[in-house]
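Structure, as structure tokens:
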Amino acid sequence: MIKITFPDNSVREYPQGTTGIQIAESISPRLAQDVLAVGVNGQTWDLTRPINEDASVKLYKWEDAEGKHAFWHTSAHLMAEALQALYPNIKFGIGPAIENGFYYDVDNEENPIKESDLPVIEAKMMELQSLSEPLIRQDVTKKDALQLFTSRNETYKEELISELEDGTITIYQQGQFVDLCRGPHLPNTAPIKAIKLLSVAGAYWRGDETRKQLTRIYGITFPKKKMLDEYLDFLEEAKKRDHRKLGKELELFAFSQSVGQGLPLWLPKGTMLRDLLEQYLKKIQKKYGYQQVMTPHIGQKELWITSGHYAKYGKDSFQPIRTPQEGEEFLLKPMNCPHHCEIYKTAPRSYKDLPLRFAEFGTVYRYEQSGELHGLTRVRGFTQDDAHLFCRPDQLKDEFLKVMDIVFIIFNALNFKNFEAQISLRDPNNKEKYIGTDENWEKAERAIVEACQEKGLDAKVELGEAAFYGPKLDFMVKDAIGRRWQLGTIQVDYNLPERFELEYMGADNQKHRPVMIHRAPFGSMERFVAVLIEHTGGNFPLWLTPEQAVILPISEKYNDYAKKVAAYLEENDIRASVDDRNEKIGRKIRDNEVKKTPYMLIVGEKEAENDEISVRKHGEGDKGMMKFTTFAEILNQEVESMMNAWQK
RNA sequence: GCCACAAUAGCGUAGUUGGUAGCGCAAAUCAUUCGUAAUGAUUAGGUCGCCGGUUCGAGUCCGGCUUGUGGCUCCA
């Protein structure tokens, strides 16, 4: 007998070789039906794999990430089985479960899979699923595995196997389909009741641009048809929050083919929103000792040769601007750091002057690959809420922590609760990609890791994701359909101060090198606004919304009174307008609900007599009458408290 | 940049064997002067993204380009 420990620490005895599914059956038939995989001493196993020693066991259902993972991984195999049945010469790459569903990379050489083929593949999957074929796990030697997949002409699998260690190789078979696979899987395909193949895409083999591009087929499956319908509904709903759609509907920004790809035009309302965000951050930065600076949009090419950016990005960027002067070349600035370094150098600095914090909403231009452009989140011209902090080494951690505070203030004000933090460090195996000494890198990386620890911030560490001049701490927020975008960023840099020969005079009367922090709490105004639109669905907080109130006269007879109210509100810094169209009140209300204006102020005979308004709140309805002066006071108080919450 | 898909009026869209473009909203005009999610009528608006080809004839078929969408790669 073996002892099985459950998550609640209860222990039961089972015969040696008991499987996860048998354990589930011993507890309840319902559980046996719902269970998808089993955790054995922290590893996820197949339900049919015998457990031969004492173990702590957790049964995973659909609600558990591990359960979904096994479900979707098996679905990927089911799709592969269907593909093989339909296209006998198809070759398989990899086919994992992902956050929402699964994919398989395939190579159907002469006849690549197209979107129009998906329904046929789906139908075949259904057909095979109805057979409820078992997935059979088998340990194999490297030799046998190579032989098996070579005989099947699976060249991609051969490559994968050749890199594996003998004795660790397992294969899974269901029906005619055999796959190199670590597992775990469902016992059989029976639970996969609802199937939807979503899209096809090109994907480079092993993520390497220089290698062959395979066809990646994305799909998702569920144990119930209803769950699939709900998921598809969710995707439909998410489309309504797409910032590109709302940006157009709410007249925030636009693109023009004549202006160029990835070069957004900010419309009046979008500009208002962006301005308000900038003012908010400026106010915070002022409190935190920043000084605003302004620098030109271009600079001599030599600036970026000095910084190292030209060597790394020069040929893939907007090309230099020439002048009538032979040999003179300027670059559109792709970042603000060199300019800010030059500001630092305008005066001799003393250790007493530091830290210096130069902030600028700096517009930069980067020639992103055409395929990368995406709404406002990835553009070729954008404005960073940039600042560069120059400090003494002993001030670094404190400065870094204060920058983190600003990021948290911003995220908090806009209700970004589910952000993820990522520490991006050097790839230790690929150091030639980076500039600067090992010593400086280690100092910088340590500073970030320690700052996160001090703040109790649970940050994921990613190797190889650092900028070429220094490590960074990034804050990522998801968009409406779950794509992650980097917003705030904080970077520690020992390298640029050296390249620009920045100095300060220490208390010891010796010259020292300052440390630099690059930081942008929003990241870029464009991307931040994009993610904000998707988070709010266009229902912006009152302090930020371009139009806070609209006055709706019942008929044209009350237009003059409406204008009087509007003038008062404007005098009191409230953004309001009059809807004086010749329409019925019901129509005006509807249109302004659709425009998501927070307050509708309805005025007719009753209101005009007493300097009153009828207040209607967006999404809530009629709030009754009040003096318009009272309304202005209440609204301004609300805005005030929202904008100053961070100071408490 | 690569793979797949798409592009019809300001916006959203119909147009299924190729036969000369509809609809809704918005706009303009007129009537109506209205009390909490769409008043009615009339009018105007389209070289069907661009260039080329096939054809008696192309929104529709073919090729190239541009722009966009979903991914891959990239992201200072």
Side-chain angles (χ1 to χ4, degrees), chain A residues 103 105 112-118 198-218 239 242 244-245 248-249 251 254-258 260-262 304 307-314 316-317 333-338 364 366-375 377-380 384 435 465-470 472 474 481 483 485-486 489 491 493 496 518 523-524 527 552-559 582-594 600-607 614-625:
Chain A
Y103 66 78
D105 285 348
I113 308 295
K114 297 197 304 267
E115 210 167 290
S116 54
D117 298 322
L118 296 183
L198 297 164
S199 62
V200 292
Y204 300 106
W205 171 235
R206 313 204 79 173
D208 184 343
E209 206 179 354
T210 62
R211 305 201 61 181
K212 180 158 186 184
Q213 195 165 46
L214 308 183
T215 307
R216 177 167 297 180
I217 308 174
Y218 285 92
K239 272 191 205 157
D242 189 314
R244 292 163 297 195
K245 179 177 152 69
K248 197 180 276 181
E249 285 172 4
E251 298 170 3
F255 289 90
S256 151
Q257 280 199 30
S258 307
Q261 287 187 282
W304 288 280
S307 72
H309 288 98
Y310 189 78
K312 183 140 177 104
Y313 295 104
D316 299 318
S317 297
K333 66 178 174 187
M335 75 286 305
N336 306 298
C337 352
V364 298
R366 298 178 182 178
Y367 191 77
E368 305 289 2
Q369 297 186 72
S370 61
E372 300 312 327
L373 301 172
H374 181 102
T377 51
R378 195 81 186 270
V379 288
R380 284 180 170 167
Q384 298 177 312
I435 59 170
E465 293 292 312
F468 75 94
Y469 53 76
K472 52 184 185 161
D474 290 331
I481 63 169
R483 286 178 291 220
W485 295 98
Q486 177 215 303
T489 182
Q491 313 179 1
D493 188 354
L496 289 192
H518 311 243
S524 83
R527 184 178 288 178
L552 310 182
I554 295 282
S555 79
E556 285 176 357
K557 280 194 272 184
Y558 310 104
N559 280 358
N582 179 8
E583 293 288 353
K584 289 188 175 177
I585 192 67
R587 175 54 179 269
K588 293 185 184 182
I589 287 170
R590 187 193 139 76
D591 288 350
N592 285 288
E593 284 285 348
V594 171
M600 280 172 252
L601 311 178
I602 294 156
V603 297
E605 192 179 358
K606 282 179 281 178
E607 290 82 1
S614 284
V615 178
R616 187 188 158 99
K617 201 166 178 181
H618 171 68
E620 295 183 22
D622 197 352
K623 295 285 170 189
M625 295 217 282

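Given the structure is predicted, the values throughout are model-derived calculations rather than measurements. Order of the sequence lines fixes the chain letters, A, B, ..., with proteins taken first and strands second; residue numbering starts at 1 for each chain.
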Using OP1 and OP2 only, check whether a side-chain N or O of [X] sits under 4.0 Å from [N].
X: A/Arg590; N: B/U36; value: no
X: A/Lys584; N: B/U36; value: no
X: A/Arg244; N: B/G70; value: yes
X: A/Lys245; N: B/C11; value: no
X: A/Arg206; N: B/U73; value: no
X: A/Gln261; N: B/U67; value: yes
X: A/Gln369; N: B/U73; value: no
X: A/Lys606; N: B/G35; value: no

Say we look at [N] and [M]: how far apart would their [atom1] atoms be, to the nearest angstrom?
N: B/G49; M: B/G10; atom1: P; result: 12 Å
N: B/C61; M: B/U69; atom1: C1'; result: 24 Å
N: B/C65; M: B/A9; atom1: C1'; result: 24 Å

Task: A/Arg216/A/Asp105 ion pair, N-O < 4.0 Å - done: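 Judged by the 4.0 Å cut-off on N to carboxylate O distance, A/Arg216 and A/Asp105 do form a salt bridge.
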Task: SB check A/Arg244 A/Asp242 (cutoff 4.0 Å) - done: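 Looking at A/Asp242 together with A/Arg244, the answer is yes, because their closest N to O distance falls below 4.0 Å.
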Open item on the list: At less than 3.5 Å, do the side-chain atoms of A/Glu556 and the base atoms of B/U33 form a donor-acceptor pair?
Closed with: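 Between B/U33 and A/Glu556, which were checked side chain against base, a qualifying N/O pair under 3.5 Å is present.
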Open item on the list: Using a distance-only criterion (donor-acceptor N/O pair, under 3.5 Å, no hydrogens), is the base of B/G10 paired with the side chain of A/Glu251?
Closed with: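 When only heavy-atom distances are counted, A/Glu251 does not reach the base of B/G10 through any donor-acceptor pair under 3.5 Å.
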Kindly point out which of [options] is positioned nearest to the side chain of [X]?
X: A/Tyr204; options: B/A76, B/C5, B/C72; value: B/C72
X: A/Ser614; options: B/G35, B/C72, B/A37; value: B/G35
X: A/Ala203; options: B/U73, B/C72, B/A37; value: B/C72

Open item on the list: Over all strands shown, is A/His374 touching base, sugar-phosphate only, or nothing at heavy-atom distances under 4.0 angstrom?
Closed with: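 If one applies the 4.0 Å heavy-atom cut-off, A/His374 turns out to touch the sugar-phosphate alone, with no base involved.
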